[in-house]
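This report refers to the structure that appears directly beneath it.
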Amino acid sequence: MKTSRLGAWIAVIIGALYFLVPLAATVEFSLKKRRGEYSFDAYAVVLQDPRFLQSFSYSISVAIATIVVGVLIAVPTAYVIRLRLPQLRPFVEFVTLLPLVIPAIVIVFGYLRLYNSSSWLPFTSSARATDLLLVFGYATLALPYMYRSVDTGLRAIDVKTLTEAAESLGASWWTILFRVILPNVRVAVLSGAFLTFAIVIGEFTLASLLNRPAFGPYLQNIGANRAYEPSALAIIAFIVTWACMGLIQVIGRGARGSSAGTR
Amino acid sequence: MSFLDIQEVRKAYGAQLVVHEFNLPIAQGEFVSFLGPSGCGKTTMLRMVAGFETPSAGRIRIGDEDVTHLRPNQRNIGMVFQAYALFPNMTVAQNVAFGLKIAGKPKAEIDARVAEMLGIIKLPQLGARYPYQLSGGQQQRVALARALAPKPKVLLLDEPLSALDAKIRVSLRDEIRSLQRALGITTIFVTHDQEEALSISDRIVVMNEGRIEQVGTPFEVYNFPRTRFVASFVGTLNLLRGKVLDAASGRIEVDGQQIFAGRGIADLKTGEIRSAALRPEAVTLAATSSADRNVMHGTIDEVHFLGAVIRIRVRFKDNLISLDTFNNPNIPPPVRGSAATVSFAREDVMVLEGAEAA
Ligand SMILES: Nc1ncnc2c1ncn2[C@@H]1O[C@H](COP(=O)(O)OP(=O)(O)O)[C@@H](O)[C@H]1O
Ligand SMILES: [Mg+2]
């Protein structure tokens with residue numbers, strides 16, 4: 001009993017060190033730009049670089065577009081599967097897991113073959129169309145997270161009876177989906193959205209190979225050419241990501257209180 | 001002419017026939033209950049009226065309109081579910097307003113109607129609450145108000161009281177009935193609880209294994225059950241099994257004793273085995289012999305003290321008769337194992353349809 005408790009503690013400490021030491025080292029290194037003393041100089045350089053702001057805001061817009069596309073795909077799909085086609089569930093779950101198994105590089109080469117400028121659908125022929133392709137690509141990458149959180153959210157409500165109640169009151173499918181189902185899986189959609197956000201902000205492969213000015217390639221570019229700034233950037237990206245996660249927690253807790261009696 | 005008409009409706013899931021040849025005309029403003037054990041097809045039949053299931057054969061008409069193939073959202077029905085099914089993200093008032101909003105009513109009219117409905121269900125103060133802040137009984141009343149607010153042609157309730165505790169079940173039952181009377185709305189009420197069906201309905205449809213066993217007023221169904229199933233399902237009932245000695249006079253031998261049956265004897269055949277129904281309240285624990293009464297001798301098998309009433313079970317050989325007597329503090333109840341004589345009128349012995357194997 002006592003030794004197993006000790007073993008558990010040792011495991012936790014080793015795990016924590018494994019994550020925290022590189023992080024602490026990165027923080028420390030990012031503060032060392034000025035010789036002989038700690039400073040935020042590297043951060044100042046990064047934040048003053050117009051490309052930082054451009055690439056970061058580009059990635060944020062792409063992330064928001066990806067979230068919209070992801071919600072529009074995942075919510076109706078998960079809803080219909082739950083309500084009408086439960087026999088397709090295992091298949092759909094398998095499909096939603098594929099992006100975790102297939103590397104992004106495979107997806108992007110597939111895209112480049114399918115949608116190059118001499119193809120039927122020349123998505124890569126203009127910057128705007130390539131942005132669209134990037135959004136769809138990200139929606140695919142984020143699909144496992146978005147679909148699963150929406151599906152979990154749907155499990156918490158009585159989808160079938162709520163649908164029938166709304167239908168008997170005259171509601172159409174769109175009304176049911178947007179006025180009844182979506183509001184009741186709001187929290188699940190939000191948590192899917194934040195995960196999507198976190199994925200899109202740091203993504204490199206797709207953005208780089210499609211040659212879009214996203215935050216991931218910018219990070220890589222700085223990393224290859226500078227010493228202290230990449231560390232500062234990594235820390236900024238890390239903080240933004242964790243802020244997203246924290247927000248999921250806060251919103252999740254807030255909403256749990258208000259839906260306690262509906263199970 | 002009937003207002004709601006179910007004509008020769010059948011429903012099959014694959015090879016399994018869940019509802020057989022269902023025929024039922026329902027008058028405007030009538031309160032009809034579907035009564036039967038779990039799995040007998042009540043919900044399936046109700047859902048076909050609502051439009052959530054499509055009949056495999058037959059037609060359903062509401063008013064002048066054949067609704068057999070209409071979507072539920074075009075049928076103008078109100079539906080109440082066992083699980084309440086209030087929209088968790090909406091307040092009570094928003095729930096009640098939902099159908100009116102869908103119908104595109106102006107805001108002033110919606111507000112007035114919502115206030116009216118909340119008054120009718122006696123929850124005028126709770127419009128701003130969310131469903132999870134209400135008790136089960138309150139939630140079901142809101143569900144009722146939500147279903148009735150758009151003035152549907154038909155109200156359909158699927159075991160709406162089953163999730164509630166006993167006391168609220170009775171009071172809400174009475175409320176549903178008086179509301180239904182006041183609005184004059186044609187109503188189908190599904191339940192497996194015979195007491196509920198008896199107390200609330202204009203007419204009861206007793207169902208078993210997807211078939212209608214009997215349709216009648218509570219009085220008819222309780223007092224004159226047509227089949228053994230109805231007799232045993234509706235009310236507490238004694239079933240006496242015996243051999244027909246004389247078909248013409250209704251003379252039957254039960255455990256070696258001879259009795260006369262007064263009803264259901266038209267199709268008797270001498271020599272066959274039949275069952276007869278006898279209500280506990282028709283039996284007296286005494287030998288009141290007169291020409292039109294049967295007398296049987298047995299032993300006291302069990303005595304249940306229920307308060308105002310004492311239920312006594314008398315055993316013959318294979319057959320049992322339960323009877324109720326009022327509690328009288330001056331007369332102690334009989335002792336188990338002692339001899340007992342019971343009597344009951346010939347008219348109260350009702351032979352059920354169908355001969356049985358010996
Ligand atoms: N969607 C369905 N698919 C297959 N069988 C069903 C379906 N719905 C109901 N049944 C079957 O139909 C029968 C009647 O069910 P139901 O109408 O729910 O009964 P009740 O409401 O009287 O309890 C049951 O045997 C049930 O298993
Ligand atoms: Mg049922």
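In what follows, every chain begins at residue 1, and chains take the letters A, B, ... in the order their sequences are listed. If you're wondering where the values come from, they're calculated on a predicted model, not measured in any experiment.
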Thr161(A) versus chain B, heavy atoms under 4.5 Å apart: side chain, backbone, both or neither?
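Both backbone and side chain.
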
Minimum-distance pair of heavy atoms, taken over all atoms of Ala85(B) and Ala165(A):
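Looking at all heavy atoms of both residues, the closest pair is O-CB, 3.9 Å.
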
Give me the atom names and distance for the closest heavy-atom approach of Pro88(B) to Leu162(A).
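Closest heavy-atom pair between Pro88(B) and Leu162(A): CD-CD1, 4.0 Å.
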
What part of [X] lies closer than 4.5 angstrom to a heavy atom of chain A: side chain, backbone, both or neither?
X         : answer
Ala149(B) : neither
Arg146(B) : both
Leu100(B) : neither

Enclosure of Gln125(B) CD (heavy-atom neighbours >12, cutoff 6.0 Å)
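Counting other residues, nucleotides and ligands, CD of Gln125(B) stays at 12 neighbours or fewer.
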
Atom NZ of residue position Lys153(B) - does it have more than 12 heavy atoms of other residues, nucleotides or ligands inside 6.0 Å?
yes

Is the backbone of Ser168(A) close enough, under 3.5 Å, to the side chain of Asn73(B) for a donor and an acceptor to pair up by distance?
no

Should [X] and [Y] count as side-chain neighbours, where that means a heavy-atom distance under 4.5 Å?
X         : Y         : result
Arg71(B)  : Glu167(A) : yes
Val180(A) : Phe98(B)  : yes
Leu169(A) : Pro152(B) : no

As an exercise, state the distance from CZ of Arg179(A) to CD1 of Ile102(B), rounded to the nearest 0.5 Å.
5.0 Å

Once you round to the nearest 0.5 Å, how far does CG of Asp158(A) lie from OH of Tyr84(B)?
12.5 Å

Among the listed options Gln82(B), Gln74(B), Met90(B), Arg47(B), the residue most often paired with chain A at heavy-atom distances under 4.5 Å:
Arg47(B)

Taking Asn76(B), Leu134(B), Asn89(B), Val80(B) one by one, which has the highest count of heavy-atom pairs under 4.5 Å against chain A?
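So the answer, after comparing Asn76(B), Leu134(B), Asn89(B), Val80(B), is Asn89(B).
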
